[in-house]
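Comments concern the structure below.
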Amino acid sequence: MLQNLEQIVKTIWPFMILHAAVSVLIFSAMFYALKRAQIFPSTAGLKPLKAGTVVGLAISLFYSSDLMIKNAQSQAMSQAIAEQQQAANAANQANPLALRADFLKAIDFLTNNPDQLTLQSKAKLYEQFGGLFPNGIADVRAYYDQLKVAFTCQLSMYEDGLQTFRKKKIVRSEQTAKCEGLPGTFFNRERLIGPEMLQAHSLLKERILKPVPGDKALSEADLKLMIEQQQKKMATLERIFQ
């Protein structure tokens, strides 16, 4: 922190001098005005320049000291955070699956919050997880292809729900059946469509055909909204990997 403070002093000392000079001028003028106005009897023997210099320098010194300490603390904190991030990245490099899991969490967040996807956040994403793409664009494309399949399968299952509603019977499309047979190695699981997801969509279809008493029945508009939201996620995913 002391080293940071020394660097800050070297950087801002010209502004400190300027601030001190301006403060002296302002307070000298203020004391001069008070003396001329004769509002307070005690100001009769006041020396405006001397008083302005003392008060101005004191306030400027307090302000500059506070600014330097806060900047030093901020730099020290930023450095500590950067070191922690480097340590975490080093640990993740030693454990590629953990790094990939964190990347997938980031993708999930961005596709659910597309307003957070900016040029800056995208650049930061690839900077943070650059270790996943040692071969550059080829690795990026491979990740996109895997994620696109997963998102497409999710969309297919929502579309099955809509068709189940319309036909009043359980619908399982060929696309969904194909998805259920795909391996999930990329996502560190046996199947792309895990048992929890299969169960969730099975319950969704049952709820469509036999609404739970007391619960709001799913409408065609609700199911269309699920499909629309998944399509928006896929559009965001494409923007991330463009």
Side-chain angles (χ1 to χ4, degrees), residues 1 3-5 7-8 10-12 14-15 67-159 175 179 182-189 192-194 197 221-242:
M1 181 172 175
Q3 185 177 1
N4 291 338
L5 190 59
Q7 183 60 40
I8 292 170
K10 291 180 179 179
T11 303
I12 70 172
F15 302 99
L67 180 63
M68 287 188 294
I69 291 173
K70 286 182 177 178
N71 272 277
Q73 289 175 335
S74 177
Q75 288 190 13
M77 187 176 295
S78 298
Q79 184 177 350
I81 292 173
E83 290 174 354
Q84 290 176 358
Q85 186 63 54
Q86 288 176 357
N89 287 342
N92 284 332
Q93 293 289 351
N95 187 353
L97 289 179
L99 186 61
R100 181 184 296 178
D102 287 343
F103 178 73
L104 295 179
K105 289 178 183 177
I107 295 296
D108 183 63
F109 173 79
L110 290 172
T111 53
N112 280 290
N113 301 274
D115 57 307
Q116 298 298 314
L117 180 60
T118 62
L119 290 176
Q120 292 78 10
S121 64
K122 183 175 177 179
K124 185 176 180 180
L125 179 74
Y126 284 106
E127 178 183 354
Q128 182 177 353
F129 296 100
L132 293 173
F133 315 111
N135 299 314
I137 192 65
D139 288 334
V140 172
R141 174 54 58 179
Y143 267 72
Y144 173 68
D145 290 342
Q146 291 284 350
L147 287 165
K148 184 179 179 181
V149 170
F151 276 60
T152 301
C153 286
Q154 181 70 68
L155 176 63
S156 176
M157 298 177 86
Y158 285 140
E159 290 173 339
Q175 176 64 43
C179 288
L182 293 175
T185 308
F186 179 81
F187 299 94
N188 196 30
R189 54 179 180 256
L192 175 62
I193 308 299
M197 187 178 293
D222 293 328
L223 297 167
K224 286 182 177 179
L225 180 60
M226 292 181 185
I227 293 173
E228 181 182 343
Q229 289 174 338
Q230 186 63 19
Q231 289 172 335
K232 288 181 178 178
K233 289 183 181 181
M234 294 178 69
T236 304
L237 180 71
E238 185 173 355
R239 287 172 54 208
I240 293 173
F241 284 90
Q242 280 178 342

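The figures that follow rest on heavy atoms only: side chains count, while hydrogens, waters and symmetry mates do not.
Between M234 and Q154, the closest side-chain pair of non-hydrogen atoms is not below 4.5 Å. Taking 4.5 Å as the limit, every side-chain heavy atom of D102 sits out of range of all side-chain heavy atoms of Q128.
Residues Q175 and S156 share a closest heavy-atom pair of CG-OG, 3.4 Å. Shown here for Q230 and F151, the closest heavy-atom pair between the two residues is NE2-O, 3.1 Å. What you find for P114 and T236 is that their closest heavy atoms are CB-OG1, 3.5 Å. Counting all heavy atoms, side chain and backbone alike, L192 lies closest to C179 at CB-O, 4.3 Å. When every heavy atom of Y126 is checked against every heavy atom of I240, the shortest pair comes out as OH-O, 2.8 Å.
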For a quick test of your reading: what N or O donor-acceptor pairs under 3.5 Å do the side chains of residues 132-143 make, sequence neighbours left out?
from, atom 1, to, atom 2, distance (Å)
N135, ND2, D139, OD2, 3.4
D139, OD2, N135, N, 2.6
Y143, OH, R100, NE, 3.2

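Taking F187 as the reference, nothing meets the ring pair (Phe, Tyr, Trp, His ring centres under 6.0 Å) condition, with sequence neighbours excluded. Partners of Q120 under the side chain to side chain contact (heavy atoms under 4.5 Å, CB included) rule, at least two apart in sequence or in another chain, are T118. Residues that satisfy the side chain to side chain contact (heavy atoms under 4.5 Å, CB included) test with T185, not counting sequence neighbours, are P183. Applying the side chain to side chain contact (heavy atoms under 4.5 Å, CB included) criterion to I227, with sequence neighbours excluded, gives L155, Y158, E159, L162, Q231. The side chain to side chain donor-acceptor pair (under 3.5 Å) test applied to T152 returns no partner, not counting sequence neighbours. Annotation: side chain to side chain contact (heavy atoms under 4.5 Å, CB included) contacts of A106 (sequence neighbours excluded): L125, F129. Scored by the side chain to side chain donor-acceptor pair (under 3.5 Å) test, T111 finds no partners at all (sequence neighbours excluded).
Counting only residues at least two apart or in different chains, disulfide (SG to SG under 2.5 Å) contacts with residues 109-144 are absent. For the disulfide (SG to SG under 2.5 Å) condition, no pair includes a residue of residues 99-140, sequence neighbours left out. Within the structure, salt bridge (Lys or Arg N to Asp or Glu O under 4.0 Å) pairs that include any residue of residues 221-236 comprise K216-D222, E220-K224, E228-K232 (at least two apart or interchain).
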query: Does the side chain to side chain contact (heavy atoms under 4.5 Å, CB included) test come out yes or no for F186 and D145, once each step is laid out?
result: CA-CA 11 Å; F186 179 81; D145 290 342; over 6 Å; no
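Distance alone, capped at 3.5 Å, is enough to place a donor-acceptor pair between the K122 side chain and the R239 backbone.
Interatomic distance, CD1 of I107 versus CG of N112, reported as 11.5 Å (0.5 Å rounding). The structure places CG of L147 at 5.5 Å from CG of L237, a figure rounded to the nearest 0.5 Å.
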